[in-house]
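Right, one structure below, let's go through it.
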Amino acid sequence: MRPPKINHEIQYAPLRTQVYDIFPTPLIRGEMNLNHEKVANDCRELIRGIRERRPDEVDPQRYYTTYFFEEERRTMEDFPWYTDFANQLKDTYVEFIKTQWFRRVNHLSRHNIHLFAWASDYTEGQHHSMHNHQNVLISGTYYPLSEGNISPITFQSPHLQSQFIHSYQTEEIKLDMPNAVAYGTPSSHQTVGIRPVSGEVLMWPANILHSVEGIGHGWSDMDKQQHRRIAISFNLNHVEPQQDMDKGTEMSYEFL
């Protein structure tokens, strides 16, 4: 078969244009102003107590976190550092929703803001499949301890339709963000993975799907000791004041 003839007189002439990124998704990264070592030790001991009280029922998908154990989750709120933790998160939440979404905040106080937090000690085998958080506005995680080449927290793009229309192939895309990488194409990131460092806090819109791969899978015992993550995850939300609620005859529904 004869090779095709190439007309060298034809010029490649794309328009001179500017590419703009639109429809952003805000994500906060910063450092919590706490004694990270103290927080990590308190969380580790709290979760160790859960495992020791139930030595015959250890389930790696339940006994690494206080999420399923309300008594231990509430105990964390009594630690001396928890008030500072809550204050910093609530203030950041207010600044976030005010600057990013122009939400009204001057009617709020710290005690008007809902904060639900739970601690996790990720060792071998623990992971989270892709999920998001319902009925809250902002979710996030503080990492008092994050050491070694740990698995990233992975966020899925909320622009699902663009993934199937535009992403013919998937490649690793460099980001202008430390310890982070995207997969997809330059204009269609399918996922973004972030490897947090000790002391770091991440906050994101609660509807964003995210996951954490298992830690320690396939590593030696020495490797497992060098790869560890202690995290405090949380949800933040507030209730807007309601108007036009006094119509009808007042009656309590507690009897239901």
Side-chain angles (χ1 to χ4, degrees), residues 27-51 60-96 110-111 113-129 131-148 150-155 179 193-206 208 210-216 227-238:
L27 180 140
I28 280 182
R29 295 185 74 176
E31 183 176 359
M32 187 72 71
N33 185 21
L34 291 174
N35 183 330
H36 310 309
E37 182 178 359
K38 172 62 175 173
V39 175
N41 288 337
D42 285 345
C43 292
R44 183 187 292 113
E45 290 303 312
L46 194 60
I47 294 168
R48 179 182 297 171
I50 295 175
R51 293 170 174 152
Q61 288 307 310
R62 288 177 61 88
Y63 291 86
Y64 73 101
T65 177
T66 62
Y67 182 84
F68 303 104
F69 306 96
E70 184 65 6
E71 180 181 348
E72 285 79 3
R73 194 190 70 80
R74 289 288 187 181
T75 297
M76 184 176 68
E77 298 176 358
D78 296 328
F79 290 139
W81 48 263
Y82 191 87
T83 296
D84 286 341
F85 166 79
N87 289 343
Q88 292 178 63
L89 287 185
K90 291 185 177 186
D91 291 354
T92 305
Y93 168 82
V94 167
E95 185 68 14
F96 190 18
R110 283 176 176 165
H111 284 186
I113 299 170
H114 163 82
L115 169 63
F116 183 93
W118 63 98
S120 301
D121 183 359
Y122 290 86
T123 53
E124 183 183 8
Q126 286 85 47
H127 67 277
H128 269 314
S129 57
H131 68 287
N132 62 7
H133 299 183
Q134 302 293 320
N135 301 319
V136 294
L137 193 57
I138 297 296
S139 295
T141 302
Y142 159 49
Y143 301 89
L145 177 66
S146 182
E147 60 183 12
I150 63 169
S151 301
I153 178 171
T154 299
F155 298 92
N179 304 320
I194 299 174
R195 295 183 187 273
V197 299
S198 294
E200 191 167 32
V201 60
L202 306 179
M203 296 173 67
W204 59 86
I208 300 298
H210 55 284
S211 63
V212 179
E213 297 300 321
I215 293 178
H227 298 75
R228 189 160 194 173
R229 176 169 55 213
I230 294 178
I232 303 178
S233 299
F234 52 86
N235 290 322
L236 291 155
N237 199 27
H238 70 275

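Values in this document were obtained by computation on a predicted structure and should not be read as measured data.
- Under the side-chain contact (heavy atoms from CB on, under 4.5 Å) criterion, H131 pairs with H128, H133, H210, sequence neighbours left out.
- Closest of all the heavy-atom pairs between M76 and A119 is SD-CB, 3.8 Å.
- Partners of D91 by salt bridge (Lys or Arg N to Asp or Glu O under 4.0 Å), not counting sequence neighbours, listed by chain and number: R110.
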Original post:
Step by step, would you call V201 with F234 a side-chain contact (heavy atoms from CB on, under 4.5 Å)?
Top reply: CA-CA 11 Å; V201 60; F234 52 86; 3.9 Å; yes
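- Taking CZ of F79 as the start and CG of N41 as the end, the distance is 10.5 Å to the nearest 0.5 Å.
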Original post:
Going through the checks in order, is the side-chain contact (heavy atoms from CB on, under 4.5 Å) test met by N87 and T83?
Top reply: CA-CA 6 Å; N87 289 343; T83 296; 3.8 Å; yes
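- With values rounded to the nearest 0.5 angstrom, I230 atom CD1 is found 7.0 Å from I47 atom CD1.
- The shortest heavy-atom contact between L236 and V136 is O-CB, 3.8 Å.
- Closest heavy-atom contact between Y122 and A231: CE1-CB, 4.2 Å.
- Scored by the side-chain contact (heavy atoms from CB on, under 4.5 Å) test, T154 finds P152, T191, S211 as partners (sequence neighbours excluded).
- For residues 28-37, the salt bridge (charged side-chain N to carboxylate O under 4.0 Å, His left out) pairs, not counting sequence neighbours, are R29-E200.
- Partners of R48 according to the salt bridge (Lys or Arg N to Asp or Glu O under 4.0 Å) rule, which considers only residues two or more places apart in sequence or in another chain, are E45.
- The main-chain N or O of D121 is never found under 3.5 Å from a side-chain atom of R44 such that the two would form a donor-acceptor pair.
- Looking at heavy atoms from C-beta onward, L27 lies in side-chain contact with I194 at the 4.5 angstrom threshold.
- Note that CG of N237 is 8.0 Å distant from CG of N135, once rounded to the nearest 0.5 Å.
- Nearest heavy atoms, L115 versus L89: CD1-CD1, 4.1 Å.
- Within the model, atoms CD1 of I50 and CZ of F69 stand 5.5 Å from one another, a figure rounded to the nearest 0.5 Å.
- Not counting sequence neighbours, the partners of Y82 by the ring pair (Phe, Tyr, Trp, His ring centres under 6.0 Å) test are F85.
- To the nearest 0.5 angstrom, E95 atom CD is 8.5 Å from I28 atom CD1.
- Take S233 and apply the side-chain hydrogen bond (donor to acceptor under 3.5 Å, both in side chains) test, not counting sequence neighbours, and it matches T141.
- Using a 4.5 Å heavy-atom threshold, the side chains of M32 and Y143 count as separate.
- Sorted by first and then second residue, the pairs that involve residues 74-86 and meet salt bridge (charged side-chain N to carboxylate O under 4.0 Å, His left out), not counting sequence neighbours, are E70-R74, R73-E77, R74-E77.
- Across every non-hydrogen atom of P144 and I232, the tightest pair is CD-N, 4.4 Å.
- For N33, the side-chain contact (heavy atoms from CB on, under 4.5 Å) partners two or more places apart in sequence, or in a different chain, are Q88.
- The shortest side-chain heavy-atom distance between V39 and N35 does not fall under the 4.5 Å cut-off.
- In terms of the salt bridge (Lys or Arg N to Asp or Glu O under 4.0 Å) criterion, E71 has no residue partners (sequence neighbours excluded).
- Listed by chain and residue number, H238 satisfy the ring pair (Phe, Tyr, Trp, His ring centres under 6.0 Å) test with Y93 (two or more places apart in sequence, or in another chain).
- When all heavy atoms of N235 and S139 are compared, the closest pair comes out as OD1-OG, 2.7 Å.
- The side-chain contact (heavy atoms from CB on, under 4.5 Å) search around Y67 returns T65, F116, W118, not counting sequence neighbours.
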